[in-house]
Each structure stands twice: as C-alpha cells, then as structure tokens.
Enquirer: 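One structure, as structure tokens, below. Some questions next.
Values reported hereafter were calculated over all heavy atoms of this structure, with side chains retained and with hydrogens, waters and symmetry mates removed. One-based numbering, in listed order, for ligands and for the atoms of each. Keep in mind that this is a model prediction, so the values were computed, not measured.
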Amino acid sequence: MKRIKATYPGSFDPPTNGHLDLIERGSRIFDELVVAILRNPEKDPLFSVADRRKMLEAMTADFDNVSVDTFDGLTVDYALRVEARVILRGIRALSDYEYELQMALMNRKLQPGLETVFMMPAEKYSYLSSRLVREVAQLGGSIDCLVPELVAQKVREKMDVAHKFENGEPPAGKTPSESKSKPRKRKFEHS
Ligand code: PNS
C-alpha cells in the first residue's frame with residue numbers, strides 16, 4: 001500500500017488549540033504529517049520561527065508520525081522536496097473558504113500532482129485564530145482555553161516584555177535610549 005505523506009503549512013504565530021486539533025486529525029488520516037512553518041521575512045511576527053518550532057515540537061511530541069519543519073519559498077516546492085503528496089489546510093468557517101480555495105487552486109496550477117485536503121477543526125475552535133489570540137493577549141484578555149499551556153506561558157512572557165518596554169523599562173541588557181518601543185500594529189490577516 002502507498003504511504004501518504006502530508007504537509008500542513010502555516011504561520012503558526014502562535015500555534016493554537018485549533019492547529020493542534022487539525023494536527024491530531026491529520027495524524028490519524030495520513031501516514032506522515034510534516035507541520036511546516038513558513039519563514040516569511042516580510043511579516044512582523046510575534047514569535048521567531050525558532051520559538052514557533054519549539055512550541056510545535058513540544059505540542060506534537062506524543063504523535064509518532066508528526067514532525068515539524070520550516071520552509072521558505074513556495075509551499076508546493078517544499079512539498080515536493082519532502083515528498084509530500086498532500087497539502088493539509090483547515091477550514092473553520094465559510095469566511096476561510098474563498099482564500100483557501102484560491103490558494104488550493106493556485107497550488108494545483110503550480111503543481112498538479114499535489115492535492116490539497118481540507119479538514120475542519122472541532123466546532124469549539126471555529127472562531128479561533130492566531131491573530132485573535134495575539135489581539136486578546138495584547139489587550140489583557142485570557143488566552144488559557146485558546147492555546148496549550150506552554151504557548152500561553154510564552155505569550156504571557158512576550159506580553160510582559162512588551163508591556164515593560166512600552167512603559168520605558170528596557171529589556172535586559174539595554175538602556176532606555178537604546179530601546180525604542182513601537183506598539184505592534186497589524187493589518188487584518190488570515191492565520
Ligand atoms: O497560517 P497561514 O498564514 O494562513 O498560512 C499561509 C501559508 C503559509 C500556507 C501561505 O501563505 C503559503 O503557502 N505561503 C508560501 C508561499 C506560497 O506558496 N504562496 C503561494 C500560495 S498559493
């Protein structure tokens with residue numbers, strides 16, 4: 001029987017319970033699943049790629065057939081490189097559909113041999129996105145039920161540092177004049 005390897009690409013900034021739910025579902029369907037974090041130099045991420053990788057590795061440690069990797073360039077090129085035949089993506093609500101369809105069709109145009117498979121996370125995660133997690137955390141709300149505890153801890157640490165930074169307390173090793181605090185402003189984005 002042919003073994004099916006899939007890749008689940010995304011930004012994962014930060015990884016959420018919704019991502020974990022999808023990884024779990026994917027790991028049951030595919031023989032191998034590679035969670036692939038996009039290294040996107042144009043974005044202004046909350047977490048470095050290395051941090052996101054560590055969080056995802058810890059979150060997926062119990063899944064024997066799941067690994068975590070990073071990539072840049074086209075997802076289809078990455079998928080071919082790691083010999084994945086499937087790109088796994090999650091669809092939470094109708095609002096995701098247009099963007100995901102566009103991406104899936106473009107990926108098919110670029111690489112007709114690759115299939116995109118959509119899976120739906122549990123309904124309880126249908127409102128959940130990394131962007132909202134960042135926003136809720138930045139505005140002081142609790143993210144405890146939205147992300148695994150290890151991620152919540154990391155987000156809290158980030159927010160503490162940002163808060164001190166904005167109040168004129170420089171991060172360790174920097175003087176106030178070296179630390180020019182800029183509040184993070186992000187335009188709407190999917191992730
Ligand atoms: O978690 P996200 O931000 O929704 O993930 C989007 C991602 C990383 C899957 C998408 O931006 C992507 O595939 N980027 C890699 C570049 C690429 O292949 N672009 C063409 C897609 S049609």
Enquirer: What's the spacing between R92 CZ and L128 CG if we round to 0.5 Å?
Expert: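 These two atoms lie 7.5 Å from each other.
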Enquirer: Between D13 and P45, is there a donor-acceptor pair closer than 3.5 Å when you use the side chain of the first and the backbone of the second?
Expert: no
Enquirer: I'd like to check which ligand 1 atoms, numbered from 1 as shown, lie under 4.0 Å from a non-hydrogen atom of M103.
Expert: 10 (C), 21 (C), 22 (S)
Enquirer: Which option out of D96, I87, D72, T75 puts a heavy atom nearest to atom 15 (C) of ligand 1?
Expert: T75
Enquirer: Would R156 and E149 satisfy salt bridge (charged side-chain N to carboxylate O under 4.0 Å, His left out), going step by step from the backbone distance to the final call?
Expert: CA-CA 10 Å; R156 278 194 289 269; E149 177 46 34; 3.1 Å; yes
Enquirer: Hey, does R89 sit under 4.0 Å from ligand 1 if you only count heavy atoms?
Expert: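 Within the 4.0 Å threshold, so yes.
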Enquirer: Quick one: which ligand 1 atoms are inside 4.0 Å of a heavy atom on G73?
Expert: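 So the atoms of ligand 1 that pass are 15 (C), 16 (C).
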Enquirer: Side chain, backbone, both or neither: which part of L38 comes within less than 4.0 Å of ligand 1 when only heavy atoms are counted?
Expert: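 Near ligand 1, L38 shows its side chain, while the N, CA, C and O stay back.
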Enquirer: Can you find a non-hydrogen atom of S130 under 4.0 Å from ligand 1?
Expert: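 It does not; every heavy atom stays at 4.0 Å or beyond.
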Enquirer: Return yes when atom CG of L94 has more than 12 non-hydrogen atoms of other residues, nucleotides or ligands closer than 6.0 Å, and no otherwise.
Expert: no
Enquirer: Any N/O of N107 closer than 3.5 Å to an N/O of ligand 1?
Expert: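 Such a contact does not occur with ligand 1.
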Enquirer: I'd like the name of whichever of I37, V76, L74 reaches closest to atom 20 (C) of ligand 1 through any heavy atom.
Expert: L74
Enquirer: So does K5 have more than 12 non-hydrogen atoms from other groups sitting under 6.0 Å from NZ?
Expert: yes
Enquirer: Could you tell me whether M106 approaches ligand 1 through its side chain, its backbone, both or neither, with non-hydrogen atoms closer than 4.0 Å?
Expert: side chain
Enquirer: Can you establish whether the number of heavy atoms outside R108 located under 6.0 Å from its atom CZ is more than 12?
Expert: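 No.
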Enquirer: Is Y97 atom OH crowded by more than 12 heavy atoms from other residues, nucleotides or ligands, each under 6.0 Å away?
Expert: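 Open: at most 12 neighbouring heavy atoms sit under 6.0 Å from OH of Y97.
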Enquirer: Please state which option from A36, A104, S11, P9 has its nearest heavy atom closest to atom 1 (O) of ligand 1.
Expert: S11
